[in-house]
Amino acid sequence: MGRGLWSSADYSATASVRSTQTREQVFTKKTMAKEFDPKYIDIRESVDSEDSPESTAIIVGLDVTGSMGFIAEHIANHGLGTLVDGILDTKPVSDPHIMMMGIGDINYDTAPLQVTQFEADNRISDQIVDIWLEGRGGGNHFESYDLPWIFAANKTKIDCFEKRGKKGYLFTIGDELPPRTTNSTILNETCNLQAQGDLTTEEALQAAQKKYDVFHIIVEQGNFASSNGKQVIDAWNNLLGKHAILLNNYKHI
């Protein structure tokens with residue numbers, strides 16, 4: 001996927017309507033869309049095209065648990081336009097293809113991972129509001145931020161890496177601690193994989209890092225980070241170093 005061109009005017013018109021609506025009016029899904037369910041996805045592709053001759057794959061994974069739903073709402077209503085326009089105007093990378101993900105908790109949630117297509121045009125905006133804001137999560141102080149890494153490593157094909165040896169970019173956004181070892185049985189059921197053993201956080205990260213530069217944005221305004229900031233920051237710094245980014249105002253995502 002990844003054909004077409006982004007229209008700032010069209011997004012602005014859409015966002016102006018969304019900004020007058022409640023979160024429930026914008027995000028209307030009451031269950032996970034089958035097309036976003038990783039167990040039914042064989043591969044997600046970011047491929048070069050006439051519109052995007054040097055595509056760059058970018059994955060943005062949003063924590064959609066109870067304390068973090070406001071992040072997806074802000075991205076849909078405001079932040080997505082700033083994100084895409086900023087990339088197109090300043091060109092830190094060429095021809096961005098953006099995939100959005102919804103992240104929950106594999107141990108507690110019905111939809112611990114939701115995956116859109118890679119897109120270059122306003123379908124990015126259309127798809128984000130089809131993510132189900134399940135709004136749950138568990139009491140274990142971490143969410144399944146490793147699921148985007150595992151999916152990216154196993155179920156994406158990106159021309160920027162395959163053709164040009166240039167890694168894509170993968171960002172997760174949330175307020176809790178890095179995940180712990182993921183049970184292979186639950187993982188295989190969730191993502192339709194054939195993992196032979198449980199995956200540690202480090203193993204999942206290293207698999208993704210083979211073809212993506214991986215970052216995590218720590219949202220200080222989230223419930224857990226606001227009361228356990230040092231613990232969260234230290235844990236992510238130990239895992240990602242400078243690729244752990246502290247954000248004190250979610251509107252600046």
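Keep in mind that what you see is a predicted model, and the values were worked out from it rather than measured. Computed from heavy atoms alone, side chains included, the values below leave out hydrogens, waters and symmetry copies.
In this model, a donor atom of one side chain and an acceptor atom of the other lie less than 3.5 Å apart for R18 and S125.
Sorted by first and then second residue, the side-chain hydrogen bond (donor to acceptor under 3.5 Å, both in side chains) pairs involving residues 79-91 (not counting sequence neighbours) are W6-D85, S8-D85. Among pairs with a residue in residues 72-81, those fulfilling side-chain hydrogen bond (donor to acceptor under 3.5 Å, both in side chains) read R23-E73, at least two apart in sequence or across chains.
Within the 4.5 Å cutoff, the side chain of R164 has heavy atoms near those of the E54 side chain. Looking at heavy atoms from C-beta onward, D109 lies out of side-chain contact with W132 at the 4.5 angstrom threshold. When side chains are defined from C-beta on, T65 does not count as touching Y108, because their heavy atoms never get closer than 4.5 Å. Side chains of I173 and M68 form no contact here, defined as non-hydrogen atoms less than 4.5 Å apart. A 4.5 Å side-chain heavy-atom check between T56 and D95 finds every atom pair outside the cut-off. Two residues are said to be in side-chain contact when any heavy atoms from C-beta on lie closer than 4.5 Å; P148 and I103 meet this criterion.
Within the 3.5 Å criterion, the main-chain N or O of E220 finds no donor-acceptor partner in the side chain of D175. At least one donor-acceptor pair under 3.5 Å links the side chain of R44 to the backbone N or O of T116. For S52 (side chain) and S49 (main-chain N/O), no donor-acceptor pair under 3.5 Å exists by modelled atom type. Not a single donor-acceptor pair under 3.5 Å links the side chain of N228 to the backbone N or O of Q231. With E143 contributing its side chain and D63 its backbone, the two residues share no donor-acceptor pair below 3.5 Å. With D51 contributing its side chain and G4 its backbone, the two residues share a donor-acceptor pair below 3.5 Å. For the pair D121 (side chain) and R123 (backbone), a donor-acceptor distance under 3.5 Å is present. Of the possible donor and acceptor atoms, one in the side chain of N122 sits under 3.5 Å from a partner among the backbone N and O of S7.
Looking at T200, T182, T172, T201 one by one, the single match for side chain to side chain donor-acceptor pair (under 3.5 Å) with D146 turns out to be T182.
If you chain together ILVMFWY residues whose side-chain heavy atoms come under 4.5 Å of each other, Y40 ends up in a group of its own.
Scanning for salt bridge (Lys or Arg N to Asp or Glu O under 4.0 Å) contacts around K163 gives D48, D159, with sequence neighbours left out. Residues meeting the side chain to side chain donor-acceptor pair (under 3.5 Å) test with S19, sequence neighbours left out: none. Residues meeting the ring-ring contact (aromatic ring centres under 6.0 Å, His included) test with Y145, sequence neighbours left out: H216, W236.
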